[in-house]
Amino acid sequence: GNSVTQMEGPVTLSEEAFLTINCTYTATGYPSLFWYVQYPGEGLQLLLKATKADDKGSNKGFEATYRKETTSFHLEKGSVQVSDSAVYFCALRGGGFKTIFGAGTRLFVKA
Amino acid sequence: ETGVTQTPRHLVMGMTNKKSLKCEQHLGHNAMYWYKQSAKKPLELMFVYNFKEQTENNSVPSRFSPECPNSSHLFLHLHTLQPEDSALYLCASSQDLSKEQGTQYFGPGTRLLVL
């Protein structure tokens with residue numbers, strides 16, 4: 001079946017550091033891939049998505065590229081801010097109605 | 001008001017109480033979902049509705065009873081809950097259930113504490 005694996009956290013960075021959160025997936029066919037972010041006390045917000053191989057999703061300085069050859073969708077940001085502290089979820093949606101979510105990676109950014 | 005809203009945002013209830021969670025989406029979507037998010041556990045899909053019809057009940061105990069009167073509203077009726085049901089309950093919606101139109105948009109959640 002479909003699955004998503006993302007790096008365990010927490011990830012702790014200083015402000016302005018480079019961020020990478022790894023995500024790999026297993027799926028048949030060509031799923032759509034997503035990153036969601038959850039700030040403390042809130043629901044999940046869609047951060048970015050990509051629907052086919054080599055697509056790059058981007059939003060708020062974050063970006064991720066759909067790599068079918070490595071079945072990966074790593075999240076990157078060139079310079080993180082304290083306000084980026086949150087939990088980040090990688091997800092995929094293939095055929096069928098279920099979106100498969102990763103376990104989440106907590107990010108702490110220190111001033 | 002835009003997006004997906006949920007009320008109440010916080011709820012404390014005893015094990016013998018009956019309460020309901022409400023979700024409303026203003027996105028014109030046709031599919032709605034209930035998820036349970038517990039500490040240190042993956043997000044759990046509970047129920048899925050498409051055009052008001054339930055398409056998934058993910059082995060959820062009968063003390064949770066969903067209701068979808070129309071495509072914009074989704075309720076989760078709660079009765080005789082257990083302390084382990086304490087969690088964040090998230091509602092989401094999507095245009096439909098297809099891969100192409102299935103991007104889910106979430107509400108802020110209801111934080112439930114069962115005493």
Side-chain angles (χ1 to χ4, degrees), chain A residues 1-10 23-53 55 57-59 64 66 68 73 86-106, chain B residues 2-10 21 23-25 27 29-51 53-59 87-112:
Chain A
N2 295 346
S3 66
V4 173
T5 302
Q6 58 182 109
M7 62 189 290
E8 288 191 28
C23 172
T24 56
Y25 68 90
T26 302
T28 54
Y30 299 89
S32 295
L33 301 174
F34 309 87
W35 277 100
Y36 285 86
V37 58
Q38 185 175 33
Y39 298 102
E42 299 184 15
L44 276 67
Q45 297 178 26
L46 179 66
L47 182 58
L48 53 86
K49 70 176 185 179
T51 58
K52 61 183 187 295
D55 267 2
S58 61
N59 186 26
Y66 190 144
K68 185 151 182 69
F73 193 55
V87 181
Y88 292 81
F89 293 89
C90 184
L92 73 81
R93 190 178 183 103
F97 55 80
K98 289 188 178 180
T99 297
I100 308 299
F101 290 88
T105 301
R106 185 173 296 276
Chain B
T2 59
V4 182
T5 59
Q6 290 186 243
T7 56
R9 292 294 309 274
H10 301 273
L21 310 185
C23 175
E24 183 173 1
Q25 58 93 3
L27 300 170
H29 288 168
N30 297 303
M32 297 187 77
Y33 311 75
W34 279 117
Y35 286 88
K36 176 183 179 183
Q37 187 178 37
S38 305
K40 302 190 188 303
K41 292 179 69 175
L43 205 58
E44 300 174 54
L45 178 64
M46 301 175 73
F47 301 104
V48 180
Y49 279 82
N50 191 38
F51 290 95
E53 298 297 320
Q54 188 178 126
T55 59
E56 173 77 356
N57 175 340
N58 202 24
S59 302
L88 181 67
Y89 288 85
L90 293 166
C91 174
S93 71
S94 63
Q95 183 62 49
D96 55 42
L97 296 185
S98 69
K99 184 190 81 166
E100 294 77 14
Q101 301 294 332
T103 300
Q104 293 182 21
Y105 296 87
F106 285 80
T110 295
R111 174 72 62 187
L112 173 66

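Proteins come first, then strands; the chains are lettered A, B, ... in the order of their sequence lines, and each starts at number 1.
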Donor-acceptor pairs between chain A and chain B under 3.5 Å, which ones?
{"from": "A:Tyr30", "atom 1": "O", "to": "B:Lys99", "atom 2": "NZ", "distance (Å)": "2.3"}
{"from": "A:Tyr36", "atom 1": "OH", "to": "B:Gln104", "atom 2": "N", "distance (Å)": "3.4"}
{"from": "A:Tyr36", "atom 1": "OH", "to": "B:Gln104", "atom 2": "O", "distance (Å)": "2.7"}
{"from": "A:Gln38", "atom 1": "OE1", "to": "B:Gln37", "atom 2": "NE2", "distance (Å)": "2.9"}
{"from": "A:Gln38", "atom 1": "NE2", "to": "B:Gln37", "atom 2": "OE1", "distance (Å)": "2.8"}
{"from": "A:Gly41", "atom 1": "O", "to": "B:Arg9", "atom 2": "NH2", "distance (Å)": "3.1"}
{"from": "A:Gly43", "atom 1": "N", "to": "B:Pro108", "atom 2": "O", "distance (Å)": "3.2"}
{"from": "A:Lys49", "atom 1": "NZ", "to": "B:Thr103", "atom 2": "OG1", "distance (Å)": "3.0"}
{"from": "A:Arg93", "atom 1": "NE", "to": "B:Ser98", "atom 2": "O", "distance (Å)": "3.3"}
{"from": "A:Arg93", "atom 1": "NH1", "to": "B:Gly102", "atom 2": "O", "distance (Å)": "3.2"}
{"from": "A:Arg93", "atom 1": "NH2", "to": "B:Tyr33", "atom 2": "OH", "distance (Å)": "3.2"}
{"from": "A:Arg93", "atom 1": "NH2", "to": "B:Leu97", "atom 2": "O", "distance (Å)": "3.1"}
{"from": "A:Lys98", "atom 1": "NZ", "to": "B:Glu56", "atom 2": "OE2", "distance (Å)": "3.4"}
{"from": "A:Thr99", "atom 1": "OG1", "to": "B:Gln104", "atom 2": "NE2", "distance (Å)": "3.0"}

Next on the checklist: Using heavy-atom distances under 4.5 Å, tell me whether A:Leu44 contacts chain B through its side chain, its backbone, both, or neither.
Outcome noted: both
Checklist entry - What residue in B:Val48, B:Leu43, B:Leu90 has the most heavy-atom pairs under 4.5 Å with chain A? => result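 Result: the option with the highest number of such pairs is B:Leu43.
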